[in-house]
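Reading through the structure tokens given below for one structure.
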Amino acid sequence: MSAVTAQTEPAAWIVLGREGDAAVAVVLDALGAERGREWIAAGERTAWIARHESAGARWVWADTTLWYPALLAEGVRVARCHDLRLCHAVLRDSAAVTDAAQLRAATAWDRSPLVDPRADIPTLFDLDAGPGPAVLPTDADALLAEFGRQRAAVAGSAAPGALQLLLAAESAGALVAAELRAAGVPWDVAVHRDLLTAELGDLPVGGGTPPRLAETADQVRSALGDPGLSLDSQPKLLRALHRAGVAVESTSRWELAEQRHPVVAPLLEYKRLSRLYTANGWAWLDEWVRDGRFRPVYLPAGVVTGRWASTGGGALQVPRQLRPAVRADPGWLLVVADVAQLEPRVLAAMARDTALADAARGRDLYEGVVASGAVATRAEAKIAMLGAMYGATTGDSGRLLPRLRRTFPRAMALVDDAARTGEDGGVVSTLLGRSSPPPSEAWHEAQSRAGDPEATEADEVRARRWARDRGRFTRNFVVQGTAAEWALAWMADLRGRLAAIAPVDEASAAPASGPVFARRPHLAFYLHDEIVVHTPVERADDAADAVRAAAASATRLLFGDFPLDFRLDLRIARTADKDG
DNA sequence: TACTGGTGCGCG
DNA sequence: AAAGCGCGCACCAGTA
């Protein structure tokens, strides 16, 4: 069948799915009308996709993790896609969608992606192998039906433009997540090992506890006069502390630090070393770093706010202590950039609070808040602003909030309204239309039970607490979620700019980054408000320019001409360490 | 043996 | 034991 080659206008969308045992591509025009189908032989799939990609196709698939890793491994980059699984989740819950009944009924799309964080090579989703591990619909007609539902939901929504933008950003994020894993974080194993040895001593050859950890544990045991104590059991440790006269209610670091007792110093040191050893020690290196790359699995929208989660290797918890091990390949550099005070800036822009924007523009936002006269010091400004976004009610933070409300009434009204809506059981939404999940059945029951004439004091206390808990969640949801949208827009724009930078020649290649990224700047790490780009030395300035331009572009896309800049702390360096 | 919940700590 | 949001992971203890 040659319906695709016969057509004259370029395809608007190409849906990739299955029909019976065969892979099939369904070509749609801009209105979503089918213009043709083509069956693709298994061995020709990659070449077919590459050919249509260069003609400007936009791909529609059930789940980016099913298709894209294999394409990347074979050297094919994709510019745009529509991830049906991720978009389904957004539209199903969005308050902007007028009638989500059909989407809610399509429960086959309510699935998590199948990912194996330990897999070295991305597994090819084999359309020829039958249903196999597929947990999402793969049949082309099922995909077409879902795509139709989604298009109808957007078109009939209260905010088609914003939702369109959100779906595009979400899908681009899915591409970025796959690309981050394919390229990997350049990781210098020697630096990491040296750091472990310096802290923990040489790893015993036959296994066993590292010497510095063992010595520190012995110091703790002798300070407590308990030679057989197991330090890794919280209940046992707590009892031993009490026996030794240390009046703590927990074994957490901050509480121990307030005590004056000889056990405190070695115990805190033990906790620090133990954490390093168990979370990011030699075992972690062996399991997660191969060929000089750490390849975490990112889960776009893994958090209800739209933030990413990760699985395997603790990708989003790499301790700052290990940042020196994030090191560019020889002949390459890192562009390390993070956004200064992303969330308060997002709050200022989405609330159109010009006073807060004035405080933020061209400078450290917290210094600007001090300059506004609302608070006296930068530390106060920070704690007050975080308290406003997290819902603090007591302590320094709670005490400073009224002053923030006077100075920045619009911004504070936005988060206060979100909190009230949440406490009342309502749903809140981000700038682009991602909505918070509704309260659980148990939550509603607790609220109605408290309203009952027979309600006990305990019923009422619990209902109030749950209501306030939910209010803090929705208060933060609007800010955290919109910040995630800004970050998605930043990365989506950046990946296009980086792809447009001329590749370097073969002599400068970094093959561990895979065929798509071996010769050009690429994203290597992402964490909520910061990114790392790995770039050939001779392209580092271009890459840094791209990072800055993408941030400006994301700001314009989300907030138009609202007068606020999103400042980047950006440096070009060998390592991701602050002092590197 | 395979769970689940609690605790603690890493990240933003 | 955080006051105040969102996560993942290691470890232990209790249970099925």
Side-chain angles (χ1 to χ4, degrees), chain A residues 117 229-239 247-259 267-268 270-281 283-284 287-288 296-323 326 338-344 346-347 382-401 404 415 418-419 422 428 430 434 436-437 465 468-484 486-487 525-531 569 576:
Chain A
L229 180 64
S230 164
L231 301 185
D232 297 327
S233 165
Q234 194 266 0
K236 289 173 188 166
L237 177 58
L238 189 57
R239 282 195 294 271
V248 287
E249 291 179 27
S250 77
T251 63
S252 58
R253 198 179 47 195
W254 71 267
E255 196 182 359
L256 287 165
E258 291 175 350
Q259 301 293 319
L267 182 49
L268 293 182
Y270 175 83
K271 282 167 164 279
R272 192 180 71 80
L273 294 177
S274 174
R275 169 79 193 183
L276 177 63
Y277 176 58
T278 56
N280 296 103
W284 182 90
E287 180 162 11
W288 297 109
V297 173
Y298 294 92
L299 302 173
V303 182
V304 284
T305 59
R307 268 193 178 183
W308 289 14
S310 72
T311 181
L316 307 186
Q317 304 132 258
V318 175
R320 305 205 73 91
Q321 185 185 12
L322 287 180
R323 298 294 175 91
V326 177
D338 65 280
V339 193
Q341 304 102 33
L342 173 60
E343 291 192 353
V346 161
L347 173 57
K382 184 172 180 176
I383 199 171
M385 195 58 74
L386 290 176
M389 293 186 297
Y390 292 165
T393 53
T394 64
D396 290 346
S397 189
R399 189 171 47 75
L400 292 165
L401 282 189
L404 234 46
V415 285
V428 298
T430 61
R434 191 190 309 269
S436 64
R465 192 179 70 235
R468 279 194 301 268
D469 286 350
R470 186 152 195 284
R472 286 193 304 276
F473 167 64
T474 53
R475 168 190 292 272
N476 186 247
F477 182 97
V478 293
V479 179
Q480 186 183 119
T482 305
W486 186 93
F525 188 65
Y526 162 61
L527 182 53
H528 307 319
D529 63 358
E530 64 180 288
I531 54 156
D569 288 327

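Each chain gets a letter, A, B and so on, in the order its sequence line appears, and its residues count up from 1. None of these values were measured; they are calculated from a predicted model.
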>> What contact category does A:I383 fall into here, base, sugar-phosphate, or nothing, at under 4.0 angstrom with non-hydrogen atoms?
In response: base
>> Expressed as a whole number of angstroms, how long is the span from A:L276:CG to C:dC11:C1'?
In response: 16 Å
>> Using atom P in both nucleotides, what's the gap between B:dT7 and C:dA1 to the nearest angstrom?
In response: 7 Å
> When you measure from the side chain of A:T305 to the backbone N and O of A:F477, does any donor-acceptor pair fall under 3.5 Å?
Replying inline: no
> Once you round it to whole Å, what is the distance between P of B:dG10 and CG of A:L273?
Replying inline: 12 Å
> Starting at CD of A:Q234 and ending at P of C:dG14, how long is that distance when rounded to a whole Å?
Replying inline: 12 Å
>> Regarding A:G387, tell me which of base, sugar-phosphate or nothing describes its non-hydrogen contacts under 4.0 Å with the strands shown.
In response: nothing
>> Please pick, from C:dG4, B:dG8, B:dC11, the nucleotide with the shortest atom-to-atom distance to any side-chain atom of A:R323.
In response: B:dC11
>> Can you tell me which nucleotide in C:dG4, C:dC12, B:dG8 comes closest to the side chain of A:R275?
In response: B:dG8
> OP1 or OP2 of C:dC5 sitting under 4.0 Å from any side-chain N/O of A:Q480?
Replying inline: no
>> Using modelled atom types and a 3.5 Å cut-off, is there a donor and acceptor pairing between side-chain atoms of A:S250 and backbone atoms of A:S252?
In response: yes
> Are the side chain of A:E255 and the backbone of A:E249 linked by a donor-acceptor contact shorter than 3.5 Å?
Replying inline: yes
> Rounded to whole angstrom units, what separation is found between the CZ atom of A:R472 and the P atom of C:dA3?
Replying inline: 8 Å
> Do any side-chain nitrogens or oxygens of A:S230 fall under 4.0 Å of OP1 or OP2 in C:dC12?
Replying inline: no
>> Donor-acceptor pair, distance only, cut-off 3.5 Å: does the side chain of A:S233 make one with the backbone of A:S230?
In response: no
> How long is the line joining CZ of A:R475 and P of C:dG6, in whole Å?
Replying inline: 13 Å
> Looking at the side chain of A:S397, which of C:dG4, C:dA1, C:dA13 is the nearest nucleotide?
Replying inline: C:dG4
> Within this structure, what is the NZ-to-C1' distance between A:K382 and C:dG4, rounded to whole angstrom?
Replying inline: 14 Å
> Sequence neighbours excluded, which residues qualify as side chain to side chain donor-acceptor pair (under 3.5 Å) partners of A:W486?
Replying inline: A:T555
> What stems involve DNA chain C, if each pair must be Watson-Crick or G-U and both of its distances must be under 3.5 Å, with 3 or more such pairs in a row?
Replying inline: B:1-12 with C:5-16
>> Distance check needed: C:dA3 P versus A:M389 CE, whole Å only.
In response: 17 Å
>> Of the listed nucleotides (B:dG10, C:dA13, B:dG8), which one gets closest to any side-chain atom of A:P319?
In response: B:dG10
> Mapping A:E249 and A:E287 onto DNA chain C by nearest heavy atom, which one lands closer to the 5' end?
Replying inline: A:E249
>> What contact category does A:E343 fall into here, base, sugar-phosphate, or nothing, at under 4.0 angstrom with non-hydrogen atoms?
In response: nothing
> For the side chain of A:T311 and the backbone of A:V297, is there at least one donor-acceptor N/O pair under 3.5 Å apart?
Replying inline: no
> In terms of the nearest nucleotide of DNA chain C, which residue is placed more toward the 5' end: A:D232 or A:L386?
Replying inline: A:L386
>> Any side-chain N or O of A:K236 below 4.0 angstrom from OP1/OP2 of C:dC12?
In response: no
>> Using the C1' atom as the point on both nucleotides, what is the distance between C:dG4 and B:dT4, in whole Å?
In response: 27 Å
>> Main chain of A:G313, side chain of A:W284: is a donor-acceptor contact present, judged purely on distance under 3.5 Å?
In response: yes
> Do A:S436 and A:R470 pass the side chain to side chain contact (heavy atoms under 4.5 Å, CB included) test, and can you show the C-alpha distance, the side-chain angles, and the key distance before you say yes or no?
Replying inline: CA-CA 11 Å; A:S436 64; A:R470 186 152 195 284; 4.1 Å; yes
> OP1, OP2 of B:dG10 versus side-chain N and O of A:R253: anything below 4.0 Å?
Replying inline: yes
>> Quick check on contacts: within residues 299-318 of chain A, what sits under 4.0 Å from DNA chain B by heavy-atom distance?
In response: A:R307, A:L316, A:Q317, A:V318
> A:D569 side chain to A:D338 main-chain N or O, any donor-acceptor pair under 3.5 Å?
Replying inline: no
> Does a salt bridge link A:E343 with A:R307, judged by any charged N lying under 4.0 Å from a carboxylate O?
Replying inline: yes
>> Go through it in stages, so that I can follow the logic: the residues are A:Q321 and A:R272, the test is side chain to side chain contact (heavy atoms under 4.5 Å, CB included), and I'd like the CA-CA distance, side-chain angles, deciding distance and then a yes or no.
In response: CA-CA 11 Å; A:Q321 185 185 12; A:R272 192 180 71 80; 3.7 Å; yes
> What's the CD-P distance between A:E255 and B:dT7, to the nearest Å?
Replying inline: 13 Å
